[in-house]
Amino acid sequence: MRTRYAPSPTGPQHIGGIRSALFAWLYARRHGGKFILRIEDTDQKRSVPGSVEMIVDAFDWLGINIDEGPRQGGSYGPYVQSQRLELYQSWARWLVANGHAYKCFASADELAEMRAAGTGYDRRYRDLPPRDAATLEAQGKPYVIRFKMPRSGETAGEDIIRGRVRFQNANLQDAVLLKSDGFPTYHLAHIVDDYHMEISHITRAVEWLPSFPLHLRIWDAFGWEKPQFAHLPVLLNPNGKGKLSKRKAQFVDPSGTSVPVLINEFIEAGYLPEAVLNFLTNIGWNYGDNEEVFSTEQAIARFDLKAVNPANSAYPIKKLDWLNSQKIQAATPDYLAGRLRPILKAAGYAVDESILQQVTPLLQVRLKNLHDVLPMAGFFFADWAAFKAPAAEILVQRKMDAAATVKVLGAAIPILERLPGFEAASLHEALAAYAKASGFKNGQVFGSLRAAVSGQKVSPPTFETMEILGKAESLRRIRLALEGLRQQEAG
RNA sequence: GGCCCCUUCGUCUAGCGGCCUAGGAUGCCACCCUUUCAAGGUGGAGACACGGGUUCGAGUCCCGUAGGGGCUACCA
């Protein structure tokens, strides 16, 4: 059992491609097989330098481990098509020699005329006498090698996901196998490679279905035993119109968040790789048991290409936020802290490990994505000495006014000072008692304190926050807030 | 245009002839819980594209129509 993902090196990977790769990988892992990465760079014009690194890094981030590929090598290499040119050329010659393909000398102008006529290539060089072909070649006329498709009858093949698919040969064309620059087209290269790399299951997007009969015929012409095929459904734009495109500006939601499409955008948006994997696995396939949240290992244990839904799907990106929050909640604090640390550092904070360790558990039910740590808990990591009392509009809670807030904060100080310890539980107890005695609601008291010590309207729970800040800092901040409010009242 | 694929709540999906007065999830709404924000709990609205067949019986099989997607390059 060997599966592969064979992208073109055209830059950062599209999430649709990643999903195809994921399905191939899950299938290989399920059956204890190998997953191969092969770079299809036979179109020199489209190759973007650095793409291979980007692709490999993306798989590393996702945790999709590659058994053979350009980085780790393997016994079927090289795994980059531009390094296998002679192989394709010799097999193309073999096809010509054996009557399955022919040299076509049609010029760009000729081709353009045929296209204009609306019928496509008219096979005008298919039956050119060998002598004439030799003459043209001797004159140095450039040519391509085309496959000789049968002109009648039908070609049918089995698709793991869709069952039997049939095509009338009369509708098919004589596709180019080898271009005039000596590079193979996808049609030739992938077959030669899949054969030599002993790929057992070809998984690829449905857009390849129309060329399925061509491929079947080429396999037969070579006389090679065919692998199994699975044409995967594709991701459509969130509105269900058209294939998911990179131009997703139109899908910016009201909050201004743009829809991630390229794999690096998921990383930048603060998603966990296990959430992205879980998300992708749920599209076109489902785990069963009415269960949507599961680990990659669990998915591997059940994944089956036969169970893949043949229909294309609108990109259900909204679900990723939920899935991400589920994964964040389920993560160990240590793991999550490890993910949060670089984000805090990138935002310019000097991350105190002890504080990070204390804050992380408070964040688990509160983060939708990793970046939410900044507005929610960034203040823990800011320079405490530079802390400024928040504005009255933050300090003064709903159903409160400045005078009442001053009263509450003023009363809290001696209560806090008197406390022997400074743990959240005892803080809660003491201040709840004050609330009860004073007639203020818990929310009014706790909220005023929250704003005073965090400087924010929204924060982790007040007393946990105070415990982490410590007694001295908490009191200092409450006094700062009081001072600010009084000044404002006076002014 | 031609060819091919697809069609269950807004969306992702379960369903492989009777278990379906169609299940789950998300999103949305309401209520509960509550120290903000979340999380969590409970409940609600919400779908078999349409028309013919086949069958005792169809979301499930067949045909047609409509709609969607793809291919139609010396790109993959």
Side-chain angles (χ1 to χ4, degrees), chain A residues 6-8 10 17 40-43 45-46 104 106 108 111 115 118-121 142-146 159 161-162 165-168 170-173 175-181 183-187 189-190 204-213 231 233-234 236 238-243 279 282-293 307 309-323 325-326 329 362-368 372 375-376 397-398 428 431-432 435 441-451 454 456-465:
Chain A
S8 290
T10 52
E40 306 215 324
D41 60 343
T42 56
D43 183 1
K45 295 182 287 293
R46 299 205 321 161
C104 168
L111 258 11
R115 250 197 304 280
T119 47
Y121 176 65
Y143 65 88
V144 300
I145 290 177
R146 286 184 186 266
D159 178 88
I161 297 170
R162 291 152 217 278
V165 191
R166 330 154 63 107
F167 301 82
Q168 291 304 313
N171 293 324
L172 274 13
Q173 297 215 330
V176 173
L177 262 23
L178 196 73
K179 305 182 232 178
S180 56
D181 63 1
F183 275 69
T185 59
Y186 168 82
H187 305 302
H190 93 272
R204 74 220 315 189
V206 255
E207 48 250 40
W208 290 108
L209 202 51
S211 50
F212 187 27
H231 291 91
V234 297
L236 269 20
N239 61 3
K241 302 281 180 192
K243 253 202 312 184
F279 168 67
N282 271 332
I283 308 171
W285 184 77
N286 82 91
Y287 182 71
D289 298 346
N290 279 338
E291 194 48 72
E292 315 251 333
V293 185
N309 183 340
N312 295 336
S313 314
Y315 188 45
I317 188 62
K318 283 282 183 104
K319 252 186 173 173
L320 178 57
D321 282 333
W322 169 73
L323 227 22
S325 71
Q326 292 293 311
Q329 284 187 65
L362 303 179
L363 264 22
Q364 297 202 254
V365 295
R366 280 168 244 275
L367 304 184
K368 259 205 173 58
D372 291 343
M376 176 68 72
Q397 303 298 294
R398 273 180 317 214
H428 185 280
L431 288 153
K441 299 276 191 206
N442 278 357
Q444 295 175 303
V445 176
F446 301 176
S448 300
L449 285 164
R450 166 199 322 288
S454 71
Q456 306 179 166
K457 267 199 143 65
V458 174
S459 81
T462 303
F463 304 118
E464 278 80 354
T465 296

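Backbone-only engagement by Gln329(A) is indicated by non-hydrogen atom pairs under 4.0 Å involving sugar-phosphate atoms exclusively. If you check every strand for non-hydrogen atoms under 4.0 Å, His428(A) touches a base. Across all strands, Pro310(A) comes closer than 4.0 Å only to sugar-phosphate atoms, never to a base (heavy-atom distances). Within the 4.0 angstrom heavy-atom criterion, base atoms lie near Phe463(A).
Once rounded to the nearest 0.5 Å, the distance linking CZ of Arg204(A) with CZ of Phe212(A) reads 7.5 Å. Annotation: the span from Glu292(A) atom CD to Asn286(A) atom CG amounts to 7.5 Å, rounded to 0.5 Å. Between the CD1 atom of Ile317(A) and the CD1 atom of Ile283(A) there is a distance of 8.0 Å, given to the nearest 0.5 Å. Taking OG1 of Thr465(A) as the start and CG of Leu362(A) as the end, the distance is 6.5 Å to the nearest 0.5 Å. Interatomic distance, OH of Tyr315(A) versus CZ of Phe279(A), reported as 5.0 Å (0.5 Å rounding).
The OH-C1' distance, from Tyr287(A) to rG23(B), rounds to 18 Å in whole Å. Taking atom CD of Glu292(A) as the reference point, atom P of rU11(B) lies 16 Å away to the nearest angstrom. Taking atom NZ on Lys318(A) and atom P on rG10(B), their separation rounds to 15 Å, with Å as the unit. Straight-line distance from the CG atom of Leu172(A) to the P atom of rC4(B): 10 Å, rounded to whole Å. Remark: P of rU35(B) and NZ of Lys441(A) are 11 Å apart, rounded to the nearest angstrom. In this structure, Asn239(A) places its CG atom 11 Å from C1' of rU11(B), rounding to the nearest Å. rG27(B) atom P lies 10 Å from atom CG of Leu323(A), rounded to whole Å. For the pair Asn442(A) CG and rU36(B) P, the computed distance is 10 Å after rounding to whole Å.
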Item to complete: Going 5' to 3' through nucleotides 63-76 of chain B, assign each nucleotide B (protein heavy atom under 4.0 Å from a base atom), S (under 4.0 Å only from sugar-phosphate atoms) or - (no protein heavy atom that close).
Response: -----SSBS--BBB
Practice prompt. Do nucleotides 42-51 of chain B as a string where each nucleotide becomes B, S or -: B if the base has a protein heavy atom under 4.0 Å, S if just the sugar-phosphate does, - if no protein is that close.
Written response: ----------
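Atom name C1', nucleotides rA25(B) and rG51(B): the rounded distance is 33 Å, in whole Å. Across rC31(B) and rA66(B), the matching P atoms stand 47 Å from one another, rounded to whole Å. Going from the P atom of rA49(B) to that of rU13(B) covers 15 Å, rounded to whole Å. rU34(B) and rG24(B) have their C1' atoms separated by 28 Å, given to the nearest Å. Using atom P as the reference point in both rA39(B) and rC29(B), the two lie 13 Å apart (nearest Å). Taking atom C1' on both nucleotides, rG15(B) is separated from rU8(B) by 9 Å, rounded to a whole Å. Only the P atoms considered, rC71(B) is 28 Å distant from rG10(B), to the nearest whole Å. Across rG46(B) and rC33(B), the matching P atoms stand 28 Å from one another, rounded to whole Å.
For Thr462(A) and rU36(B), the shortest distance from a side-chain N or O to OP1 or OP2 is not below 4.0 Å. The phosphate of rG40(B) (OP1 or OP2) has a side-chain N or O of Gln326(A) nearer than 4.0 angstrom. Under 4.0 angstrom from either OP1 or OP2 of rA14(B) there lies at least one side-chain N or O belonging to Asn286(A). Between Asn309(A) and rA14(B) there is a side-chain N or O to OP1 or OP2 distance below 4.0 Å.
Using a distance-only test at 3.5 Å, with no hydrogens or angles considered, a donor-acceptor pair links the side chain of Ser8(A) to the main chain of Glu40(A). Formation of a donor-acceptor pair under 3.5 Å by the Gln397(A) side chain with backbone atoms of Ala451(A) is not found in this model. Listed for the Asn312(A) side chain is no donor-acceptor partner under 3.5 Å among the backbone atoms of Pro233(A).
Scanning both residues, Ala175(A) and His187(A), for their nearest heavy atoms gives CB-CD2, 4.3 Å.
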Practice prompt. Decide yes or no on side-chain hydrogen bond (donor to acceptor under 3.5 Å, both in side chains) for Ser459(A) and Arg450(A), but give the supporting numbers first.
Written response: CA-CA 7 Å; Ser459(A) 81; Arg450(A) 166 199 322 288; 3.0 Å; yes
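Checking Gln444(A) against Ile283(A), the closest nucleotide of RNA chain B that is more toward the 5' end is the one next to Ile283(A). With RNA chain B read from its 5' end, the first of the two nearest nucleotides for Arg366(A) and Pro316(A) is the one closest to Pro316(A).
Base pairing analysis places rA66(B) opposite rU7(B); the two distances defining the Watson-Crick or G-U wobble pair are each below 3.5 Å. Using N1 to N3 plus N6-O4 or O6-N4 for Watson-Crick, or N1-O2 and O6-N3 for G-U wobble, each under 3.5 Å, rA14(B) pairs with nothing. Across all strands shown, rC61(B) forms a Watson-Crick or G-U wobble pair with rG53(B), both key distances being under 3.5 Å. Pair assignment for rU34(B) gives none, since no Watson-Crick or G-U wobble pairing has each distance under 3.5 Å.
You'll find that the side chain of Val458(A) is closest to rU36(B), out of rU26(B), rG2(B), rU36(B). When distances are taken from the side chain of Met376(A) to each of rC12(B), rU35(B), rC37(B), the shortest belongs to rC37(B). Comparing rU26(B), rU13(B), rU7(B) by their nearest atom to the side chain of Trp322(A) picks out rU26(B).
For rU36(B), its base never sits under 3.5 Å from the side chain of Ser459(A) at any donor and acceptor pair.
For Lys368(A), the NZ atom sits in a loose shell: 12 or fewer heavy atoms of surrounding residues, nucleotides or ligands are nearer than 6.0 Å.
For Asp321(A), there are no salt bridge (Lys or Arg N to Asp or Glu O under 4.0 Å) partners, not counting sequence neighbours.
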